[in-house]
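Computed from heavy atoms alone, side chains included, the values below leave out hydrogens, waters and symmetry copies. Chain identifiers are assigned alphabetically (A, B, ...) following the order of the sequence lines, protein sequences preceding nucleic acid strands; residue numbering begins at 1 within each chain.
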Amino acid sequence: MSNTYRDSCGAGLENEEFVDILEERRRSSDLGHALRTFSPHPYKGAESCSNADLKKAVLESQYLRYIAKEIAAETGSSVEEVREEACGILEEMSQNLQLKCIRLMGFTMSKVLKRLYSGIFVNMEGLNMLQQSIQEHPVILMPNHRSYMDFLIISYIMFTYDIPMPFIAAGIPLAGMKLVGEVLRRSGAFFIRRAIGSDKLYWAVLSEYVRTIVKTGIAPLEFYVEGLRSRTLKSVMPKLGMMQMVMEPFFKGEVYDITLIPISISYDRVLEESLLAHELLGIPKPKESTTALLKASKVLQEYYGSMHVNFGRPMSVRHLCEGKINRCQYNLVPRDLPQKPSAEVQACVSWLANLMVRVQEEGSVMGPWALMACLLLQAPTIVLTEEGLPWQELTDKTLWLRKLALDFGARLNWPSGQGQAPDMDVMSSTVALHGSVVNRKSGRVFLVQVEVPARNRPISPEEEMISTAAVVLMLASYRNMSLHIFVRPALLATALYITKTTQKDELLAFFCFLRDVFSNEFIFIPGNSSQDFEEACFLLKKCGAIHVSEQEVTVSDAGLEVLSFLQALLQPFIDSYQVIFRYLCENEVHVHAEKQFLTAVRNLATELILSGELHTYEALSSDTHKNVLSALQRLDTVTKLRASEQNEYTVNKAAVRRIDDILSGKIPPQMLHTTPEAKL
Amino acid sequence: MASNSSGGSDRQRVAQQRLRIITGHLQGREDGDSTIIAAECKAEGSQTYVSREEGKTVPRRRQEIMKWNGWGYSDTKFLFNKKGQAEFTGKRYRLSGMIIPALKEWFEGTFGASMQHKSPAAPVLNSGAVQPPTLNEAFLEELTSTGIPFSHDAEDRVYRAHGHCLHEIFALREGKVGRVPDMVVWPNCHDDVVKIVELACKHDVCLIPYGGGTSVSSGLECPTEETRCIVSVDTSQMNRILWIDEKNLTAHVEAGIVGQDLERLLNESGYCTGHEPDSMEFSSLGGWVATRASGMKKNIYGNIEDLVVHVKMVTPQGVIEKSCRGPRISTGPDIHHFIMGSEGTLGVVTEVTMKIRPMPEYQKYGSVVFPNFEQGVACLREVAKQRCAPASIRLMDNEQFKFGHALKPQVSSMFTSFLDGLKKFYVTKFKGFDPDRLCVATLLFEGGREKVLQHEKQVYDIAAKFGGLAAGEDNGQRGYMLTFVIAYLRDLGMEYYVIGESFETSVPWDRVLDICRNVKARIIGECKNKGVQFQPLSTCRVTQTYDTGACVYFYFAFNYRGLSDPVHVYEQVERAAREEILANGGSLSHHHGVGKLRKEWMRETVSNVGMGMLQSVKDYVDPKNIFGNRNLL
């Protein structure tokens with residue numbers, strides 16, 4: 001499967017023309033740009049439809065009328081009241097796109113972007129294909145979400161290149177921001193509440209609103225399939241609700257096709273890096289408010305390198321779903337009535353959502369920093385903080401890793417530096433850009449230590465550890481930008497390392513087990529485990545690390561360096577998972593409330609790190625904790641209590657222990673009878 | 001077939017007019033061909049209203065009047081004359097003998113076809129290409145002793161080996177003949193059929209009933225795996241109206257009668273059935289029953305299932321029929337519904353009692369132009385909702401509207417063409433209709449004059465609400481005429497590398513627009529994928545309205561130059577289009593039937609249990625698979 005959507009040119013960016021759109025902005029007037037004639041070519045089948053028309057169509061839809069009646073009957077309120085409530089929801093939600101506002105935004109963004117970035121690189125070929133697609137079928141723009149910066153960058157590019165402005169799905173907290181909320185709304189944002197839960201009316205209004213946009217094709221729809229901004233710069237397991245709503249018009253034959261445009265936005269350095277790391281450590285993120293935004297404006301005085309926006313090849317939903325969906329299932333019930341999606345539909349939507357994230361990953365561009373972060377993290381933290389890593393060693397290893405990454409098909413942004421040793425130049429400037437994480441002193445690289453004001457000293461070991469952890473997690477986030485390249489071979493390397501077997505079927509079983517355990521951590525396309533295994537074998541064989549025969553996989557002598565690098569890359573995840581497994585197994589508590597669980601696990605990890613038993617600071621990340629909980633739920637070893645108000649869980653300790661034992665190699669791989677996908 | 005223009009209010013005049021117009025065919029002459037043993041049917045009803053000699057359309061030897069490798073009468077076809085103008089030959093139709101000036105430009109423009117690139121058909125049927133018959137001697141012997149005429153002449157057999165699917169006609173044009181029936185028999189009456197079926201059972205002979213030969217479902221194709229002697233039972237000589245019951249308004253008719261004869265003969269008595277499928281010139285009453293046919297004017301007269309009061313069918317187990325002519329009976333599942341749609345798999349329909357109506361006093365055509373197809377569909381939906389559909393109402397999409405224009409015959413009067421120009425100017429310039437989006441609905445009203453006029457106003461008022469503008473009777477009438485000549489047009493296309501076909505479905509109202517858009521787009525997409533070099537013609541129309549949905553017809557044609565196996569490409573595209581229809585909530589067929597062409601989708605259409613029911617009926621009625629055309633199941 002993986003080859004059907006992969007770009008023909010696997011590695012490098014040489015074949016694609018990325019154009020720096022800021023270059024033009026640096027040369028000509030921003031005001032002129034903001035006031036340019038905007039003449040997009042819209043979808044040819046689009047009905048002209050004002051925002052008021054759109055709202056009216058939603059409110060008067062048969063679907064909403066039906067739901068309103070149903071809710072009225074359930075709650076005992078009148079239909080009018082329910083409809084009024086629906087109207088309120090819609091008001092809160094609706095975008096109010098106005099070109100005037102786009103121009104204002106355009107002007108402001110030109111100014112800001114030029115200050116922050118050395119360049120914004122956009123692939124023109126992708127943009128041209130998008131321009132073409134937009135006229136043919138309703139288009140869904142699906143960017144990844146790594147930074148608040150993502151939010152309007154697509155609209156900015158669309159405005160610059162005469163492509164119809166998208167409607168953008170955004171989180172409701174943004175709407176609450178004074179002024180900013182309204183500006184975003186007028187720039188095409190529509191707002192979705194975070195925890196919708198079982199609010200039937202809300203779901204109905206939202207899904208009808210989204211479907212109507214797609215059906216009528218009045219504007220491209222932009223949404224983050226990951227649902228929220230990744231706190232770790234790693235792809236987030238996609239959310240399916242929105243995806244399902246977007247696809248439905250195709251399933252129901254209301255449109256001939258829908259075009260999905262995967263967009264990969266990659267940053268050299270992310271604005272929110274330190275904010276995110278602190279959030280992961282349980283220090284809550286500031287509430288989205290205009291004042292907070294203004295306070296944060298000091299981050300705007302720093303420098304963030306360049307940004308790549310890679311518009312992926314347009315993907316036809318019709319083509320993708322061929323043979324996966326029997327659309328006849330919608331024949332027997334009116335299409336405007338609520339209908340629970342069938343298992344087939346759910347599986348297809350999930351498959352497609354995961355596929356989109358994978359395509360985003362493959363389209364993302366990583367710089368030298370992602371590679372350097374991988375290597376830095378493999379050095380013991382104490383070395384990085386105390387004695388520093390020799391610069392020469394780091395650069396040598398980075399060049400080695402660059403070759404491996406390219407072998408594995410990475411899109412690498414490795415600028416051609418100047419001077420005698422261009423590669424050294426690139427690495428030096430990379431490290432300089434990331435002064436918030438590392439600094440380079442007398443030929444060695446150190447992790448940045450937070451200066452503690454004298455009056456606060458002495459600080460406790462916990463405090464010191466937390467401040468180190470924040471920097472380590474920042475580093476880990478940058479490493480995460482490269483994980484999608486390495487994760488499949490790394491799972492195989494780990495399987496080889498833990499099982500010590502050469503039998504291909506045993507390795508496959510263990511590979512599937514790992515993939516299963518970690519599929520909340522890394523994105524795998526459901527149903528593709530064999531292909532993933534084959535891909536891992538292929539890549540490791542390609543770089544000379546292993547020999548593969550019918551039945552056997554053997555390690556070559558030259559492969560040790562690659563394999564140990566890959567195995568070490570996953571080690572922090574394995575260690576972190578095991579900490580939590582052990583907590584769950586050894587704890588006397590039978591019912592875990594989520595909040596207490598998170599605190600307890602963090603305390604345990606802190607303790608272990610301080611005592612020197614645990615070496616990875618990543619075990620402190622709340623993201624990992626939540627992922628473990630979801631993974632265990634998915635694997636039916638942890639069960640959420642239905643009646644529980646505060647997310648309480650019971651644990652099947654034996655099952656968790658078994659997973660832990662397999663992970664530590666205590667159960668031989670012959671005992672694994674995990675048929676591929678048995679759990680999925 | 002053209003019909004009368006508006007006007008005549010008196011019944012007699014209308015009858016004469018219709019007579020003139022519907023027919024004009026050649027008289028079927030009695031023949032003395034050596035291979036045919038003629039004999040009078042001994043069981044002939046004594047009180048037939050009309051005797052056989054009185055002008056029946058279809059002779060035993062179809063080759064005397066009909067093409068062997070194309071549609072319809074031998075003397076009628078489209079051609080591009082020496083001046084490069086399109087011309088319609090013969091004298092049978094209103095369009096006959098006329099020049100159609102715009103057709104060439106439309107044809108070349110639409111398909112990228114050219115007069116230089118011809119793909120002519122094999123001129124004559126080469127009897128040598130026809131496999132010698134596999135005869136069952138014992139059957140033959142006993143059949144001969146009954147005196148029922150039969151033949152194993154190659155031509156006779158080839159004529160009955162096909163319907164009018166594209167692949168069937170394409171093969172014939174190339175002179176290719178596959179498995180054909182081994183002999184043809186012409187029963188003269190119900191009792192003849194009883195004898196034939198008895199003998200077939202006795203000697204294990206495969207029977208394939210043949211009515212008008214207009215099947216478009218591969219229904220007449222001989223199964224290649226059939227090793228027994230295949231006998232085509234041609235019912236065309238069972239063509240009498242046996243009686244007319246004026247008290248109850250029913251007529252008892254032999255099932256081999258073709259539509260135009262039935263209407264004409266009834267018209268002479270002042271009646272009609274009102275059942276007018278597009279194929280009515282050639283299709284037979286028995287065929288309608290066996291395929292669940294639908295007529296253009298079903299809004300007034302109903303479809304075949306509404307028209308049939310009593311049916312007689314001869315099966316291997318004997319004759320099936322009801323004991324009375326009650327207008328509705330509650331006696332378990334209606335056994336007529338085992339017969340209707342059985343597609344020749346259970347037996348031969350021999351006699352049908354059907355409803356008749358007094359001929360309408362007044363007929364009027366009409367048409368409405370809509371700014372776009374969406375508005376047109378909305379209007380039809382409203383008309384259906386108010387249950388005020390005229391005898392016929394059809395909505396053509398923009399492509400068909402243009403096609404219809406291309407078929408306008410040369411106008412003799414300067415004034416008419418001036419008027420046409422003026423009308424066009426009014427619609428496109430003044431009313432702001434986009435000529436590339438507008439579409440037209442054609443209408444046919446029937447009934448008492450007062451009522452028709454009143455009805456007409458009601459429909460036009462509704463149309464106006466959807467932006468529709470009345471566009472005259474001419475446009476309407478031309479639309480209906482097109483129906484009868486379009487099959488001839490396919491033959492013209494095939495002379496110039498253009499192949500095409502139409503297929504139909506029925507679909508709930510809320511799906512009509514979606515299915516039209518999606519199926520048309522699918523056709524275009526599939527053509528592109530399959531390497532068709534030219535833009536295909538992919539167009540549709542809504543031809544029938546019901547309370548809950550509509551019948552939609554798709555037309556699809558393309559220029560196949562550059563393709564090595566055009567028929568295969570065509571079939572793949574049609575198959576994809578059918579998949580698309582089903583995925584969009586459309587039915588497998590509204591009235592063409594399943595045949596062998598659409599068999600693969602039967603199970604999902606009627607469910608496993610449904611298939612089991614049908615199969616068990618087949619197993620009981622015809623355990624030896626005597627009626628072995630292998631349609632449907």
* How are the rings of Y570(B) and F558(B) set to each other: parallel, tilted or perpendicular (split at 30° and 60°)? -> parallel

* Quick one: which residues of residues 330-339 of chain A reach chain B at under 4.5 angstrom, heavy atoms only? -> Y330(A), N331(A), R335(A)

* Asked: So, N631(B) side chain and G219(B) main chain: donor-acceptor pair closer than 3.5 Å or not?
  -> yes

* **Passing candidate, side chain to side chain donor-acceptor pair (under 3.5 Å) with Y553(B), options Q400(B), R541(B), H592(B)** => H592(B)

* Do the two ring centres, one from Y546(B) and one from H590(B), sit under 6.0 Å apart? -> yes

* Asked: Given the rule in the ring-ring contact (aromatic ring centres under 6.0 Å, His included) test, do F111(B) and F534(B) qualify, once you have shown the distances and angles that lead to the verdict?
  -> CA-CA 7 Å; F111(B) 297 108; F534(B) 302 86; 9.5 Å; no

* Asked: Checking R437(B) against F370(B): charged group under 6.0 Å from the ring centre and within 45 degrees of the axis?
  -> no

* Go through E579(B), E604(B), E374(B), E580(B) and name the one with the most non-hydrogen pairs under 4.5 angstrom from chain A. => E580(B)

* Quick one: which of G525(B), P508(B), A583(B), G586(B) has the most heavy-atom pairs under 4.5 Å with chain A, could you say? => A583(B)

* To do: Determine the option with the most heavy-atom pairs under 4.5 angstrom with chain A, choosing from D514(B), N584(B), D510(B).
  => D514(B)

* Asked: Is E70(A) salt-bridged to K200(A), going by a charged N under 4.0 Å from an acidic O?
  -> yes

